[in-house]
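Both ligands and their constituent atoms are indexed starting at 1 by order of listing. Numbering of residues begins at 1 and proceeds along the displayed sequence.
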Amino acid sequence: MSEQHWIDLRSDTVTQPSQAMRAAMAAAEVGDDVYGDDPTVNRLQDYAADLFGYEAGLFAPSGTQTNLIALMTHCGRGDEYLVGQEAHTYKYEGGGAAVLGSIQPQPIANQPDGSIALADIEAYIKPDDMHFARTRLLALENTIGGRVLGQDYVAAATALAHAKGLATHLDGARVCNAAVKQGLSLREVVKGFDTVSVCLSKGLGAPVGSVLLGPKAFIEQGKRWRKMLGGGMRQAGVIAAAAHYALEHNVQRLVEDHENAATLARGLGEIDALTVSAPQTNIFWLDVPAAACEPLRKALAEQGIRATVGSRMRLVTHLDVSAADVERTVAAFKSFFKDWRA
Ligand SMILES: *Cc1c(COP(=O)(O)O)cnc(C)c1O
């Protein structure tokens, strides 16, 4: 591989901070955030809260931590939360809610569109009876596996939860993708959720960090859990500045990532050996013949393309993947499959 840069389609977490973002980081005014003294962290928290329409915000090192803080603040020991089988908080966060929060997850099958059926939500809420854990919370994820939850569904699911006395939390790691895709404001897309966790280090392009948004009293309680979980950071303004920059500059441009994903999926869809799902946002899936996986991984690497190759593989576009990179990727796949025989 000569002068060409790596094209990394494994995840939107791999983005590099831009020069302008690094300049904002270098210029950040900082203080000790455990004392509440970091002006850049405080500004980020206020800015994010206002942007999404919440009273207060809390900056933490990761989305795993903001989700866990939310779950531990909504639920106590012996409480339960309703969550999708495929949801990140249930499946990809090491069982933190159960291990560290003494919270019982009640996983429920996700529908093909990523939603949890309203009838299932209702059926899984436990009666007030000492045999059962207390059902306290419904947690949804948007986007989920790159799919957007429709606004009508979100409104119905959160209304149902509230009517049954449950709180609602959104794992909004990629909620900005969901908003941009639907042409909604950030306030509109989170409507119905008492709290939301937003990742700044995914498609928004910051190197580190997530924010938890919610009512003031909730965030105050959450701050105690954040400290206990090791998320109390000191001169965190250096990274909060990048997060702030990401929210200010990199939301609307997610449209480009969605267009690039669509173009990539269209190109790969022309290859007979592949079955490609149509992307809604920046993440999509394709089926690769099992025997092709190992040689394909090698062939892509030789072309400077990093991807998690598997018989069901995920491709992800982000701000460091250009339209030209998409063309290069389609060409690399086509060249491999031109010569490949099962
Ligand atoms: C990445 C991700 C998280 C967790 O974020 P980290 O910062 O990697 O801990 C939570 N939920 C979803 C849906 C994610 O994709």
(request) Work out which heavy atom in Ala236 is nearest to a heavy atom in Phe59; give both atom names and the distance. (result) O-CE2, 4.1 Å
(request) Would you check if His5 and Asp325 make a side-chain contact, meaning some heavy-atom pair closer than 4.5 Å? (result) yes
(request) Would you mind checking which non-hydrogen protein atom is closest to atom 7 (O) of ligand 1, with the distance to 0.1 Å? (result) Gly63 N, 2.8 Å
(message) Between His169 and Ser197, do the side chains contain a donor N or O and an acceptor N or O under 3.5 Å apart?
(response) no
(message) Any donor-acceptor pair under 3.5 Å linking the side-chain atoms of Glu29 with those of Thr40?
(response) no
(request) Give the numbers and elements of all ligand 1 atoms closer than 4.0 Å to a heavy atom of Cys199. (result) 5 (O)
(request) Answer yes when Asp33 and Arg226 have at least one side-chain N-carboxylate O distance shorter than 4.0 Å, and no when they do not. (result) yes
(message) Side chains of Asn260 and Thr263 only: does a donor on one sit below 3.5 Å from an acceptor on the other?
(response) no
(message) Heavy atoms only, cut-off 4.0 Å: how does Glu93 contact ligand 1, side chain, backbone, both, or neither?
(response) side chain
(message) Students should be able to answer this: which protein heavy-atom is nearest to atom 10 (C) of ligand 1, and at what distance?
(response) His88 ND1, 3.2 Å
(message) Any donor-acceptor pair under 3.5 Å linking the side-chain atoms of Asn282 with those of His318?
(response) no
(request) Between Thr89 and ligand 1, find which residue part has any heavy-atom pair under 4.0 Å and reply side chain, backbone, both or neither. (result) neither
(message) Can you tell me which portion of Ala173 lies within the under-4.0 Å heavy-atom range of ligand 1? Options are side chain, backbone, both, or neither.
(response) side chain
(message) Tell me if the centroids of the rings in Tyr47 and His244 come within less than 6.0 Å of each other.
(response) yes
(message) With respect to Lys202, determine whether any N or O atom, backbone or side chain, lies less than 3.5 Å from an N or O atom of ligand 1.
(response) yes
(request) Report the nearest protein non-hydrogen atom to atom 13 (C) of ligand 1: residue, atom name, distance rounded to 0.1 Å. (result) Glu141 OE2, 3.1 Å
(request) May I ask you to check whether Thr64 has an N/O atom sitting below 3.5 Å from an N/O atom of ligand 1? (result) yes
(message) With a heavy-atom distance limit of 4.0 Å, tell me whether Asp171 approaches ligand 1 through its side chain, its backbone, both, or neither.
(response) side chain
(message) Is a donor from one side chain sitting under 3.5 angstrom from an acceptor on the other, for Ser185 and Glu188?
(response) yes
(message) Need the ligand 1 atom indices (1-based, order shown) with element for anything under 4.0 Å from a heavy-atom of Ser62.
(response) 7 (O), 9 (O)
(message) When you compare ligand 1 with Arg174, is there at least one nitrogen or oxygen pair between them that comes in under 3.5 angstrom?
(response) yes
(request) Specify side chain, backbone, both or neither for Ser197, according to which of its non-hydrogen atoms lie closer than 4.0 Å to ligand 1. (result) neither
